[in-house]
Protein chains: 2
Amino acid sequence: MTDLADAVVAPPAADPSAVAAPAGTAAPAGPARRDEEPRWLSPVERAAWLRLLAVVELLPGVLDTQLRKDSGFSHFEYQTLAMLSEAPERTLRMTALAERTNATLPRLSHVVTRLAERGLVERAACPTDGRATNVILTDDGWAAVVGAAPGHVRTAREAVLDALSPAQVAALGEIAAQILTRLDPEGRMTDPGA
Amino acid sequence: MTDLADAVVAPPAADPSAVAAPAGTAAPAGPARRDEEPRWLSPVERAAWLRLLAVVELLPGVLDTQLRKDSGFSHFEYQTLAMLSEAPERTLRMTALAERTNATLPRLSHVVTRLAERGLVERAACPTDGRATNVILTDDGWAAVVGAAPGHVRTAREAVLDALSPAQVAALGEIAAQILTRLDPEGRMTDPGA
DNA sequence: CTCCTTTAGTTGACACAACAACTATAGCGC
DNA sequence: GCGCTATAGTTGTTGTGTCAACTAAAGGAG
């Protein structure tokens, strides 16, 4: 994994003569401008980072492929339907749904249009706010989620959970929670109600 | 995080009357067809899975945004250039580069075309195999990677590493390695040489 | 040497996501 | 109640990614 490691995270050093200054882990001899001198990664940090990057790169494809094949949904479509299936009345406002799925409003609007064409969701004007649109999961949509869920869970096991010891699963939960304090400080994806 | 949790991973149970069979964690009363009865996730598993999913969803956007803003690259373009910067002669075959970046050959071909238009890489016929194409990082491309690396490392710290204790970083490395045995059994992304 | 299969890569058509521009309603100040 | 600004969504355009078809060279069987 040396190539990937160095390439992504350290400045390129394959040709050391060409890049003296930014290559090293240590600061240059002279007084460094602090803002521009990054703290390079330690070997342990580098390994963790690169592997996380690989997971982040590969996992979406695995999920997408399984869902597409077994149920005809993209992962994003599945998440959209799943969020609705959990909501009271199986209904959510566009904005609320976009937050929970980490989608922009335009993206969600397009996806909802396509799902509506397939009869899985419906749009309805919000009675209390003329600007808002409610999205409602239809019975067909409900059935589709229920049908797709088992395969999705199986994939989660095969691709991730079953590769880990129980202690590692717990640790992963902790670690991911820590990371999310940076990536999602408001907890929009993890804590919809708040 | 209850909504997200249940929605993605458990079958929808907001309206219990509507979905008796597939909702529960326990097997139905009758003799279950083993292939179709998934093992639902325990609370700990579910929490870990959903948070991992959120990280996987959010991290690419963060990386992309920072690189795009500070250096004008997508994360994939950066990875492509970085791989080349590490390679002997700053040169790689299309196929080798595609493996290291987890790209399909068509995708890489398009990206290389665009990078070549910007003068960052060059195509060259492989002298030993008439079918192959070598991609070479130009001096401009080299300079671009060197310029982009510090910001990328800083983002890696801010978004992930600095949120974790040293022990957690080490644990993350272990866990991600375990997951990659499932996602990437051949180690193509993590072990280019082999 | 010739045919056939496999490998390497490019190209073009289509699908989807990001961004920007636009419409329409709500809510507020006066 | 008039006008302003902010909010909620939709629509169109543009850039990437995926898939399928295609070209071309390498390697093997006869």
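The analysis underlying the following values was restricted to heavy atoms, covering all of them including side chains, and did not include hydrogens, waters or symmetry mates. Owing to the predicted nature of the structure, the values given are computational and were not obtained by experimental measurement. In what follows, chains are A, B, ... by sequence order, proteins preceding strands, each numbered from 1.
- In this structure, L97(A) atom CG and dA8(D) atom C1' are separated by 14 Å, rounded to whole Å.
- The side chain of R68(B) lies closest to dT16(D), out of dT10(C), dT16(D), dT11(D).
- Between the CG atom of D64(B) and the C1' atom of dA17(C) there is a distance of 12 Å, rounded to whole Å.
- Of the side-chain N and O atoms in R107(A), one or more sit less than 4.0 angstrom from OP1 or OP2 of dA17(C).
- Here dG9(D) is the nucleotide among dT11(C), dG9(D), dT16(D) with the atom lying nearest to any side-chain atom of T95(A).
- Residue whose closest nucleotide on DNA chain C sits further toward the 5' end, between H110(A) and D129(A): H110(A).
- How far CG of L172(B) is from CZ of R51(A): 9.5 Å, rounded to the nearest 0.5 Å.
- For the pair A103(A) and L105(B), both in contact range of DNA chain C, the more 5′-proximal nearest nucleotide belongs to L105(B).
- The CZ atom of F73(B) sits 16 Å away from the C1' atom of dT16(D) (whole-angstrom rounding).
- Between dT10(C) and R123(B), a contact under 4.0 Å exists linking OP1 or OP2 to a side-chain N or O.
- In this structure, the CZ atom of R131(B) is 11 Å from the P atom of dA25(D), given to the nearest Å.
- With rounding to the nearest 0.5 angstrom, the OG atom of S42(B) is 8.0 Å from the CG atom of L161(A).
- Under the 3.5 Å distance criterion, with hydrogens and angles disregarded, no donor-acceptor pair is assigned to the side chains of T101(A) and Q79(A).
- When rounded to the nearest whole Å, the span between CG of N134(B) and P of dA8(C) equals 13 Å.
- The distance between atom CE of M94(B) and atom P of dT11(C), rounded to the nearest whole Å, is 10 Å.
- Between atom CD of residue E174(A) and atom OG of residue S165(B) there is a gap of 10.0 Å, rounded to the nearest 0.5 Å.
- Heavy-atom nearest nucleotides on DNA chain D were determined for T113(A) and for A132(A), and the one closer to the 5' end corresponds to A132(A).
- If you take CD of E117(B) and P of dT10(C), they are 13 Å apart, rounded to a whole angstrom.
- Residue L84(A) is tested with L97(A), T91(A), V145(A) for a side-chain contact (heavy atoms from CB on, under 4.5 Å); the sole match is L97(A).
- One atom, NZ of K69(B), and another, C1' of dA18(C), lie 17 Å apart when rounded to the nearest Å.
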